[in-house]
Amino acid sequence: MKALVLAESLDGQRDLCAGARQIADEVVLAVVKGAPQTGIADKAYDVELPEGEAAENAVAGVQAVYDAEQPDVVLIEPTPRNKILGGMVAAKAGASVISDVASFDGDTVTNMYFGGLAEMKQKATGAKFYTVAATAFQPGEATGTDTVETIAYTAPAKALVLKGTKEVPREGADLTKCDVVIGAGRGFAEEADLQMARDLAAKVGGELGCSRPLAENVDWMPRNLYIGVSGLNLAPKAYFALGISGQMQHMVGVTNAETIIAVNKDQNAPIFKQADYGIVGDLYKVIPALIEKL
Ligand SMILES: Cc1cc2nc3c(=O)[nH]c(=O)nc-3n(C[C@H](O)[C@H](O)[C@H](O)COP(=O)(O)OP(=O)(O)OC[C@H]3O[C@@H](n4cnc5c(N)ncnc54)[C@H](O)[C@@H]3O)c2cc1C
């Protein structure tokens with residue numbers, strides 16, 4: 001069985017190649033505009049995209065890799081650019097992409113539906129294209145050669161014209177790398193009160209993240225730090241959910257956390273169904289008490 005990994009970030013390349021190795025004998029990596037890492041796949045392709053060209057215009061290069069390799073399965077790192085490119089190649093193969101795959105069991109995959117509200121087990125009919133995060137696989141080593149082939153740019157007949165780009169500001173720690181993450185939710189009444197969560201984070205060697213409303217509704221936290229189906233997917237050793245109700249869209253971002261500790265004043269909050277340790281109480285009293293005890 002051969003897997004083609006279409007990845008973009010350095011971590012995505014390495015982690016998806018390591019995961020692909022668990023389901024395939026042969027692993028091929030394709031990276032658009034950016035040197036592919038070596039030593040993590042049996043062969044890597046550097047798909048060229050000239051400066052100033054929209055990512056979508058690299059589709060002929062990705063298609064060339066697919067045609068040359070004829071993979072049994074395509075694993076796509078779910079970045080905006082790769083979702084489009086993977087979707088275009090899948091469409092040409094007469095297939096649809098199965099998105100947000102959370103686990104594999106042979107040919108059957110489990111993926112998330114309705115923004116993470118439901119899960120479904122399904123088998124691809126025809127070509128197999130999956131968008132998948134590294135957390136769908138057991139941790140493992142990526143191995144491979146330093147063979148890299150360059151695919152020269154071929155402009156599409158009707159190319160998209162890129163009018164401009166704008167850097168998205170990124171702030172705070174890379175939560176995907178943290179062993180301990182503190183998640184702050186709407187239970188905090190004021191932005192300044194988040195200092196309590198930061199103090200707890202400092203005490204336990206963790207970093208602060210949040211639920212989506214804190215990043216999108218009130219702008220108290222940067223958007224790159226919210227956790228959940230449309231945010232970060234984390235696998236920390238410990239996740240503290242402070243004043244977070246535990247809606248499914250948030251919790252799918254921490255299903256791979258080893259231990260979840262929740263603080264919520266409502267004993268019926270859904271978070272307690274998933275928490276390993278739950279404290280029913282006012283976070284304004286519980287957090288200072290925790291900091292004092294730890
Ligand atoms: C398509 C879609 C995608 C989404 N994606 C995401 C996502 O990726 N990530 C995400 O987080 N959300 C996402 N959401 C939103 C999600 O459905 C929830 O609305 C959100 O997670 C709720 O955030 P919260 O738990 O902070 O707030 P709330 O649901 O308002 O919960 C606040 C909690 O704090 C508790 N509380 C209040 N005061 C105190 C106190 N003093 N002490 C202790 N506890 C207190 C309350 O009991 C309550 O349980 C998405 C929604 C949709 C529709």
Side-chain angles (χ1 to χ4, degrees), residues 77-80 83 99-102 111-120 131-136 168 170-176 178 181-201 206-236 238-257 260-293:
E77 182 188 10
T79 61
K83 283 184 191 173
S99 56
D100 295 327
V101 170
N111 73 318
M112 291 181 281
Y113 260 74
F114 303 125
L117 276 177
E119 281 188 348
M120 181 185 266
T131 64
V132 55
T135 45
V168 178
R170 300 190 69 78
E171 297 170 46
D174 180 355
L175 296 185
T176 61
C178 296
V181 174
I182 312 288
R186 292 287 290 157
F188 286 83
E190 304 279 343
E191 183 176 3
D193 302 340
L194 291 178
Q195 189 54 44
M196 268 193 305
R198 291 197 174 90
D199 292 344
L200 179 62
E207 295 287 348
L208 189 62
C210 62
S211 64
R212 188 162 101 167
L214 261 60
E216 291 208 334
N217 298 10
V218 290
D219 280 344
W220 293 351
M221 295 277 292
R223 289 185 182 204
N224 60 296
L225 290 184
Y226 82 77
I227 299 154
V229 67
S230 40
L232 297 169
N233 199 328
L234 308 177
Y239 178 62
F240 288 75
L242 310 175
I244 286 179
S245 56
Q247 298 303 318
M248 186 62 88
Q249 289 94 345
H250 180 80
M251 298 311 289
V252 292
V254 288
T255 42
N256 290 307
I260 297 178
I261 303 122
V263 179
N264 197 301
K265 68 178 182 185
D266 175 5
Q267 63 174 357
N268 296 316
I271 186 81
F272 290 127
K273 292 205 178 86
Q274 268 180 269
D276 299 284
Y277 299 95
I279 303 172
V280 180
D282 184 341
L283 64 83
Y284 287 86
K285 293 188 182 132
V286 175
I287 297 175
L290 273 176
I291 292 171
E292 202 185 304
K293 288 274 179 208

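What you are looking at is a predicted structure, and each value in this text was computed from that prediction instead of being measured. Just follow the structure's listing: the first ligand is 1, and inside any ligand the first atom is 1. Index from 1, following the sequence.
Between the CD1 atom of Ile287 and the CZ atom of Arg198 there is a distance of 12.0 Å, given to the nearest 0.5 Å.
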Give the intermediate values and the outcome of side-chain contact (heavy atoms from CB on, under 4.5 Å) for residues Asp193 and Leu283. CA-CA 10 Å; Asp193 302 340; Leu283 64 83; over 6 Å; no
side-chain contact (heavy atoms from CB on, under 4.5 Å) between Arg186 and Val218, worked out: CA-CA 10 Å; Arg186 292 287 290 157; Val218 290; 3.4 Å; yes
As a quick check of understanding, evaluate side-chain contact (heavy atoms from CB on, under 4.5 Å) for Tyr284 and Met196, giving each step before the final call. CA-CA 8 Å; Tyr284 287 86; Met196 268 193 305; 3.5 Å; yes
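Counting only non-hydrogen atoms, the option in Met248, Gln249, Gln267 that gets closest to atom 7 (C) of ligand 1 is Gln249. By heavy-atom distance, the residue among Gly183, Ser211, Cys210 lying nearest atom 24 (P) of ligand 1 is Ser211. The residue among Gly243, Gly253, Gly281 with a heavy atom at the shortest distance from atom 34 (O) of ligand 1 is Gly243. Considering each of Leu242, Asn264, Val263, Asp266, the one bringing a non-hydrogen atom nearest atom 48 (C) of ligand 1 is Asn264.
Near Asp282, with a cut-off below 4.0 Å to any heavy atom, the atoms of ligand 1 are 40 (C), 41 (N), 42 (N). Residue Gly185 has at least one heavy-atom neighbour below 4.0 Å for each of these atoms of ligand 1: 26 (O). Against a heavy-atom cut-off of under 4.0 Å, Gly231 is close to the following atoms of ligand 1: 8 (O).
Remark: ligand 1 and Lys265 share an N or O pair separated by less than 3.5 Å (distance only, no angle test). No N or O atom of Tyr226 sits closer than 3.5 Å to an N or O atom of ligand 1. Residue Val229 has at least one N or O atom closer than 3.5 Å to an N or O atom of ligand 1. Of the polar atoms of Ile227, at least one N or O is found under 3.5 Å from an N or O of ligand 1, judged by distance alone.
Here the closest heavy-atom approach between residue Met221 and residue Cys210 is recorded as CB-SG, 3.6 Å. Contact record, Pro270 with Gln247: CG-NE2, 4.2 Å, taken as the closest heavy-atom pair. What you find for Ala262 and Ala275 is that their closest heavy atoms are CB-CB, 3.8 Å.
Contact annotation: for Pro213 versus ligand 1, heavy atoms closer than 4.0 Å belong to the side chain alone.
Residue contact annotation: Pro270 has no non-hydrogen atom under 4.0 Å from ligand 1.
Under the 3.5 Å distance criterion, the side-chain polar atoms of Asn111 are left unmatched by any main-chain donor or acceptor of Asp100.
Residues satisfying the side-chain contact (heavy atoms from CB on, under 4.5 Å) test with Ala192, not counting sequence neighbours, are none.
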